[in-house]
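First the structure, in the form of structure tokens, and then the observations on it.
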Amino acid sequence: MAMEIRLPALGENIDSATVTRIMVTVGQSITKDQPVLELDTEKASVDVPASAAGTVEEIRVKEGDIIHVGQVVLMLADGAQKPAAAPSSDQTDQKVEKSQKVERDQKAEKDQKAEKRAPSQAPTEQNLTMESKPQTASPTLPPASSSAVEAPDEPVEEESAEKVSDTAQKGAPAAPSLRRMARELGIDINAVVGTGPNGWITKEDVRNYARSIILNATTVETGRRTVQLSDFSRWGPVERKAISTIRRTIAEHLHSAWTSIPHVTLFATADITELEKFRESVVARTQSGQPKLTVTAIAVKVLSAALKAFPQFNTSLDLEREELVYKHYCHIGIAVDTEHGLLVPVIRDVDRKSISDLSVELASVAEKARNRKLSMEDMQGGTFTVTNLGGIGATNFTPIINSPEVAILGISRASLQPVFRDGEFKPRLTLPLALSFDHRVADGADAARFLRWVAEALEQPIKLVL
């Protein structure tokens, strides 16, 4: 008896994914929990294990398909003899579908014949003029009267006038009803490729063409309206590439956060001259192959203390219940730049870990992100996010809050700046910081105190142990 392998739950609020690789073939014997598919979800790439062992009898998906949780992806045979008499539900569905296709094709042929007959059946202005004259040559022609232009005995469809107009035009072979459907959809019927008999256009052809236009249309959302982009190929060669699931999810998430959260960004600089000397001395003692102490690791540890001092920045706003959810744990997300897009793995219980532990874990999650080995759980549950663009060379920027969090810290590249101290200018290494926060949760003064606390903690790490 055949067994169904269905797509299991992929994670919280994830009900679909794109098939990127099929890892088995028909006839292959597989074991339970063996990976059979690789999927591209909204947040990461995941492998789908088989829920049972057996021989692959049928693969019901293909690469590029978007599949949903609970959908059958494979059929396994366990070696039992299958009854030959009763057709499977799939075979029945295929027969029904084939029968429906035959009916559609037959209807298209009838419409085609009806369309060809339409000019001779519908009297033109010239024919009416001729009929008004005495008829002597042909006794079979009807005399000039109103009955000559009356409707035939068969019921006339509402679009009969459209049929006459359509059939008078040259173009793709399509029934009048489909031409009207194309007009209502704003589609040029002549651009649709017919798959019916003799190249006739079917209803499915029109639908598929409309669907392709929607999928390929590039739009830019501005406020409440959507503006259609120009045809850029008018000015030179262009290339279109499909947006990956991860990139699409990033775009949707950031757009939602930007439009739903009143962002305010504050800037500050921290004098990390002494901190950098300490960091370099630690790096010099680091054994080969061990992760190096980074500014990000230090900043994460500083933030764990800052969030205890300013707990309103470790919350989420529940507008439905009109409550502010205070979280008595500290899980900090780290924005990681990968070739697949921006991913944010979460380091848990930062307040309970040493800076050395954080350095090791930071290196580990960054490597997993770049290799697309993060699980759904690895990117959930964050309470605050840090994004460091200093290594790339950014001097300052305004980070977007990672909803449902209420704040995010951006770190830019440190640089030597002249600082007036003890009556003279001295070169000091300064680190630009940017704090974006949800103004519904915190006021500007609160955010300024929080950011100043973080800056002073970086300048005087002793604050962390006081």
Side-chain angles (χ1 to χ4, degrees), residues 60-66 90-131 138 140-142 146-219 226 228-234 237-240 242:
R60 295 199 176 179
V61 298
K62 59 181 182 297
E63 293 183 1
D65 283 355
I66 297 177
D90 290 338
Q91 292 173 332
T92 303
D93 292 341
Q94 291 174 1
K95 289 181 179 179
V96 171
E97 183 178 353
K98 184 175 180 180
S99 174
Q100 291 174 345
K101 185 177 185 302
V102 170
E103 291 178 2
R104 289 197 301 267
D105 293 343
Q106 290 175 347
K107 185 178 184 301
E109 289 179 354
K110 290 180 180 179
D111 290 337
Q112 181 182 17
K113 293 177 181 178
E115 188 174 1
K116 288 180 178 178
R117 290 195 302 267
S120 61
Q121 294 174 350
T124 63
E125 181 179 355
Q126 182 179 3
N127 291 337
L128 290 175
T129 304
M130 293 175 62
E131 290 174 356
S138 177
T140 59
L141 291 175
S146 61
S147 61
V149 292
E150 286 179 359
D153 295 337
E154 297 178 2
V156 179
E157 297 181 6
E158 292 181 1
E159 72 271 17
S160 57
E162 298 178 14
K163 288 184 179 181
V164 175
S165 174
D166 286 332
T167 52
Q169 300 175 1
K170 295 181 180 179
S177 59
L178 293 185
R179 291 179 181 274
R180 185 179 66 172
M181 176 181 175
R183 279 197 301 272
E184 292 173 349
L185 294 173
I187 294 173
D188 179 7
I189 192 67
N190 297 311
V192 181
V193 178
T195 60
N198 300 320
W200 263 72
I201 295 172
T202 66
K203 183 181 292 186
E204 200 63 29
D205 294 333
V206 176
R207 287 176 176 171
N208 289 337
Y209 185 78
R211 191 178 297 114
S212 68
I213 291 177
I214 294 172
L215 292 176
N216 293 328
T218 303
T219 58
T226 300
Q228 184 74 31
L229 294 183
S230 301
D231 179 9
F232 300 114
S233 61
R234 292 166 52 196
V238 298
E239 179 183 4
R240 288 181 176 269

* Below 4.0 angstrom, N of the basic side chain to O of the carboxylate: do Lys62 and Asp65 qualify? -> yes
* **Spacing of Asp188 atom CG and Tyr209 atom OH [to the nearest 0.5 Å]** => 6.5 Å
* Find the distance between CD (Glu204) and CG (Leu178) and round it off to the nearest 0.5 Å. => 11.0 Å
Determine the minimum heavy-atom distance between [X] and [Y], stating which atoms define it.
X: Gly199; Y: Pro173; value: O-CG, 3.5 Å
X: Ile187; Y: Val192; value: CG2-CG2, 3.9 Å
X: Ile201; Y: Ala174; value: CB-CB, 3.9 Å
X: Ala182; Y: Ile189; value: CB-CD1, 3.9 Å

* Does the Asn208 side chain pair with the main chain of Asp205, one donor and one acceptor, at a distance under 3.5 Å? -> no
